[in-house]
Amino acid sequence: MDTEVFFVIALDNEIYEQPAYGVSEAAVYLKVPYQTLRYWLTGFKTRPPIIRPVETDPVRLSFMNLLECHALAGMRKVYDLKLPRVRRALGKVSQDYQQPHPLVSEVFLTDRKDLFVERLGKIINVSQHGQMGLTFFQMHLERVEVDPKGLFRFFPFVVQPAPSEPKTIEINPMIGFGKPVIAGTGISTAIIASRFNARESITDLAAEYECTPQQVEEAIRWERALPIAA
């Protein structure tokens, strides 16, 4: 089964489209400033949103929205792409190729100025009408995996975006209602942090949950970065 088939299976799964995350929560998960994320999702009501959230009043993100924002954050941070060109590219891909979540389902190329897609062996500029650059960088969804059944697993950065960060924390709608868990275990990071705050030791928690002290430490570090619920 190839990657395109994986995406079709995953995108047809209704659980990925359920409203699951508030803007504050998603901003912390993605390491994106709250106001930046809110602008992407609402346009501050002066521009069309770049990413259309599954719910707008109040704004709530689906898991697919979360992955879209993760991809957009990579475009901005890694490749320094300008939002007007990203906006044009997404509009063109959605219109011409009928893609509901192009940032997730489409593989983009970039010369650090424009965005391109490949169709039938041809490279098409989808962010403006112009000539291609000579150097391209394959853009991909960093820290997102698709398993053989076409199901997504998202491994957010715990501290700051860096290639060296291990994939310790997992967000997966199929596990724990889409809330963060220690990857490969299903163990809630919130439970780990709660028990640590109740003065249980990292060593004891690791022994009880049959994971490593490093995994427990990462779960605690992750939870300390989250906003406090009102």
Side-chain angles (χ1 to χ4, degrees), residues 20-41 51 61-81 83 86 103-104 110 112 137-147 152-230:
Y21 310 99
V23 179
S24 295
E25 180 183 18
V28 177
Y29 289 179
L30 298 167
K31 300 292 184 289
V32 171
Y34 170 82
Q35 291 294 352
T36 297
L37 182 59
R38 187 166 163 266
Y39 177 71
W40 293 351
L41 296 166
I51 295 167
L61 291 79
S62 67
F63 181 72
M64 296 308 295
N65 291 150
L66 194 70
L67 296 189
E68 290 178 289
C69 292
H70 169 69
L72 180 55
M75 288 182 174
R76 299 284 292 135
K77 291 179 181 178
V78 178
Y79 298 101
D80 195 30
L81 292 171
L83 281 180
V86 174
L103 280 170
V104 178
T110 181
R112 293 186 184 271
F137 300 84
Q138 182 83 24
M139 299 195 70
H140 56 284
L141 283 168
E142 291 284 354
R143 306 180 74 83
V144 177
E145 295 180 359
V146 185
D147 73 12
F152 286 109
R153 302 173 68 197
F154 175 37
F155 302 91
F157 295 106
V158 175
V159 182
Q160 288 295 330
S164 59
E165 276 229 4
K167 294 179 178 179
T168 308
I169 306 303
E170 177 181 353
I171 296 176
N172 182 341
M174 302 295 181
I175 301 173
F177 301 100
K179 299 303 180 182
V181 299
I182 296 176
T185 70
I187 300 167
S188 165
T189 57
I191 290 176
I192 291 287
S194 175
R195 293 185 62 174
F196 177 75
N197 291 337
R199 302 193 178 278
E200 294 190 53
S201 73
I202 289 175
T203 302
D204 288 345
L205 289 170
E208 179 174 341
Y209 287 106
E210 298 182 344
C211 55
T212 68
Q214 290 74 23
Q215 288 175 306
V216 173
E217 289 172 356
E218 285 290 278
I220 294 167
R221 188 176 294 115
W222 169 265
E223 285 295 323
R224 285 179 172 172
L226 298 183
I228 299 173

Over all heavy atoms of both residues, which pair between [X] and [Y] is shortest? Give the atoms and the distance, please.
X	Y	result
Pro213	Ile202	O-CG2, 3.8 Å
Ile171	Pro156	CD1-CG, 3.9 Å
Ala183	Phe155	CB-CE2, 3.8 Å
Leu61	Ala26	CD2-CB, 4.0 Å
Val159	Lys31	O-CE, 2.8 Å

message: Applying the side-chain contact (heavy atoms from CB on, under 4.5 Å) criterion to Val181, which one of Ile169, Ile175, Ile191 satisfies it?
response: Ile175
task: Given side chain to side chain contact (heavy atoms under 4.5 Å, CB included), test Glu170 with Glu145 step by step and report yes or no.
output: CA-CA 10 Å; Glu170 177 181 353; Glu145 295 180 359; over 6 Å; no
Flag the pair [X] / [Y] as yes when at least one side-chain heavy-atom distance between them is below 4.5 Å, and no otherwise.
X	Y	answer
Leu30	Phe154	yes
Leu83	Leu72	yes
Val158	Glu165	yes
Val32	Cys69	no
Val216	Tyr209	no

Nearest-0.5 Å distance, [atom1] of residue [X] to [atom2] of residue [Y]:
X	Y	atom1	atom2	value
Ile182	Thr189	CD1	OG1	7.5 Å
Gln215	Leu205	CD	CG	12.5 Å
Leu66	Phe63	CG	CZ	6.5 Å
Ser188	Glu223	OG	CD	6.5 Å
Arg76	Thr36	CZ	OG1	8.5 Å

message: Under the rule for side-chain hydrogen bond (donor to acceptor under 3.5 Å, both in side chains), what residues qualify as partners of Ser62, not counting sequence neighbours?
response: Asn65
- prompt: Is the Tyr21 ring parallel, tilted or perpendicular to the Tyr29 ring (thresholds 30°, 60°)?
  reply: perpendicular
Ring geometry between Phe157 and His70 (parallel below 30°, tilted from 30 to 60°, perpendicular above 60°): tilted
Derivation of the side chain to side chain contact (heavy atoms under 4.5 Å, CB included) call for Phe152 and Met64: CA-CA 9 Å; Phe152 286 109; Met64 296 308 295; 4.0 Å; yes
- prompt: Counting distance only, does the side-chain N/O of Lys167 pair as donor-acceptor with the main-chain N or O of Val144 below 3.5 Å?
  reply: no
